[in-house]
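A quick write-up on the structure given underneath.
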Amino acid sequence: MQYSRKFFSLFFAGMLAVASASCSAENEALAASPVDSKLTEKNINAELKKAYDKYKGLKEGANADYIPALDKVDSNIFGIVLVTVDGKVYSVGDIESEVSIQSISKVFTMAKVTEEKGIDALPKNVGVDATGQVFNSIYAIEQNQGHEMNPLVNAGAITTTSMVQGKSYNEIWNKILGYYSDFAGRDLTVLEDIYKSEAATNQRNQAIAHLMYAYGHIEGDPLQATDIYTRQCSVGVNTKDLGMMAATLANAGTNPVTGKSLVNPEDMPEILAVMATAGLYDDAGKWLYKTGLPAKSGVGGGIIAVSPGKFGIAAISPPLDAAGNSVRAQKAIADISAALGGNPYEAAPYGK
Ligand code: DON
């Protein structure tokens with residue numbers, strides 16, 4: 001059978017019309033998703049208050065004490081902040097007291113190195129696999145000669161810090177601090193008492209850095225890398241800072257309030273994937289099972305969690321569980337995210 005050119009143009013125009021009609025129907029269905037409809041101002045404020053009231057009196061856990069200054073931090077500090085990707089800030093409790101950012105910093109140094117050296121640099125040099133070992137494990141290094149780890153455990157994190165480009169200690173440090181500050185949307189500073197206390201007791205991290213140097217992962221001075229890492233862990237943050245930093249990750253790497261783009265949106269899924277698999281130390285699996293959220297904790301008592309494209313949430317409460325994660329922060333974030341539909345794995349059957 002012979003078809004004219006006109007027949008083909010009419011046929012394809014018809015096909016296109018059908019395709020675009022079904023696309024706009026899909027968009028309407030997505031916009032009306034029951035998950036997003038939970039994110040109203042009223043719901044968010046109510047869920048924050050509910051979690052705060054529920055866990056305010058909880059006395060489980062204890063401050064970290066392997067860094068002596070952490071033991072002196074007020075255990076009663078408890079604040080929760082949720083920031084939506086359109087920059088609205090919701091909060092409850094103590095959102096002004098600063099604690100040290102500790103391991104939460106590892107996410108942002110990872111992002112810096114990814115931006116400077118490309119998405120393959122970290123998988124190649126330290127890996128992106130959960131170790132299943134404690135965060136400062138030496139055994140994990142020995143298993144694979146410093147490969148097959150990730151930038152969120154100490155060996156990977158100190159190596160990641162060593163990869164930040166710069167000609168001098170100060171140039172590297174100022175770049176790191178400036179980058180963290182851009183995520184928070186204000187100038188952050190170091191808590192000097194925490195820095196001094198950790199610098200005086202970080203011999204294990206020095207050993208880790210030397211091992212990573214011996215296996216060829218750290219190129220420069222391993223002690224300089226350890227010291228800059230110690231300083232980055234001592235940056236002071238309040239719950240609002242952490243909430244904004246988490247929201248920047250949720251907003252594809254752009255601070256939702258200042259509008260500054262800090263991470264290439266194409267690199268965000270990989271960064272969030274590492275947070276999902278290794279963000280809560282060796283309890284990362286349990287956390288992901290319960291919440292589905294990429295997250296990162298620090299021994300200062302903070303936790304950030306990210307619901308991509310929706311919100312960032314943070315909580316601070318210094319007492320930690322046996323794995324080193326804040327007891328109240330975990331519980332509060334898990335409850336709030338569940339109530340607001342934050343789990344990225346959550347879906348409703350089409351049309352329901
Ligand atoms: O290296 C340390 O021991 C601390 N500066 C950070 C520890 C921490 O928060 C746990 N890390 N995953």
Side-chain angles (χ1 to χ4, degrees), residues 61-71 73 98-110 126-138 140-141 149-162 173 176 180 190-212 218 222-223 225-237 242 245 274-287 294-305 314-327 329-330:
N63 283 27
D65 59 4
Y66 74 97
I67 299 169
L70 292 183
D71 199 25
V73 175
E98 288 187 0
V99 299
S100 49
I101 188 169
Q102 294 299 338
S103 282
I104 300 171
S105 68
K106 293 168 177 169
V107 172
F108 302 97
T109 305
M110 176 189 178
V126 294
V128 286
D129 274 310
T131 63
Q133 306 291 330
V134 290
F135 67 87
N136 56 4
S137 170
I138 284 173
I141 304 174
M149 293 187 296
N150 65 75
L152 303 184
V153 293
N154 285 14
I158 298 168
T159 305
T160 303
T161 299
S162 80
W173 170 245
I176 290 175
Y180 292 6
V190 167
L191 301 175
E192 287 297 333
D193 57 330
I194 305 279
Y195 167 70
K196 284 192 192 118
S197 181
E198 183 164 351
T201 52
N202 68 356
Q203 290 76 18
R204 186 180 177 92
N205 282 342
Q206 294 175 30
I208 286 173
H210 277 293
L211 259 184
M212 291 303 276
I218 291 180
L223 289 183
T226 312
D227 192 56
I228 296 179
Y229 163 81
T230 304
R231 204 173 272 282
Q232 80 176 42
C233 288
S234 310
V235 168
V237 282
L242 289 180
M245 294 171 96
V274 176
M275 291 171 73
T277 51
L280 264 72
Y281 318 123
D282 34 328
D283 269 357
K286 278 186 212 143
W287 169 262
K296 184 73 199 90
S297 59
V299 293
I303 297 184
I304 61 169
I316 290 179
S317 167
L320 312 177
D321 65 12
N325 300 311
S326 166
V327 177
Q330 284 180 86

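Only this structure's heavy atoms are used, side chains among them; waters, hydrogens and symmetry mates stay out. Counting starts at 1 for both ligands and their atoms, following the listed order. In this text, all values refer to a predicted model and were calculated from it rather than measured experimentally. Residues take their numbers from the sequence shown, with the count starting at 1.
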Present, as a list of atom pairs with distances to 0.1 Å, all nitrogen or oxygen contacts under 3.5 Å between ligand 1 and the protein.
| unit_1 | atom_1 | unit_2 | atom_2 | d |
| --- | --- | --- | --- | --- |
| ligand 1 | 1 (O) | Asn154 | ND2 | 2.9 |
| ligand 1 | 1 (O) | Asn205 | ND2 | 2.9 |
| ligand 1 | 1 (O) | Tyr229 | OH | 2.6 |
| ligand 1 | 3 (O) | Tyr66 | OH | 2.6 |
| ligand 1 | 5 (N) | Gln102 | OE1 | 2.8 |
| ligand 1 | 5 (N) | Glu198 | OE1 | 3.1 |
| ligand 1 | 5 (N) | Glu198 | OE2 | 2.5 |
| ligand 1 | 9 (O) | Ser103 | N | 3.0 |
| ligand 1 | 9 (O) | Ser103 | OG | 2.6 |
| ligand 1 | 9 (O) | Val299 | N | 2.9 |
| ligand 1 | 11 (N) | Ser103 | OG | 2.0 |
| ligand 1 | 11 (N) | Lys106 | NZ | 2.9 |
| ligand 1 | 12 (N) | Ser103 | OG | 2.7 |
| ligand 1 | 12 (N) | Lys106 | NZ | 2.9 |

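Applying the ring pair (Phe, Tyr, Trp, His ring centres under 6.0 Å) rule to Phe108 yields the partners Phe183; only residues at least two apart in sequence or on another chain are considered. Legend: residues meeting ring pair (Phe, Tyr, Trp, His ring centres under 6.0 Å) with Phe135, ordered by chain and number and at least two apart, are Tyr281. Taking the side-chain contact (heavy atoms from CB on, under 4.5 Å) definition, one finds that Leu320 meets it with Ala64, Val299, Ser326, sequence neighbours left out.
With hydrogens and angles ignored, the 3.5 Å screen pairs no side-chain donor or acceptor of Arg231 with any backbone N or O of Trp173. Under the 3.5 Å distance criterion, the side-chain polar atoms of Ser197 are left unmatched by any main-chain donor or acceptor of Asp193.
Atom CD1 of residue Ile138 and atom CG of residue Asn205 lie 9.0 Å apart, to the nearest 0.5 angstrom.
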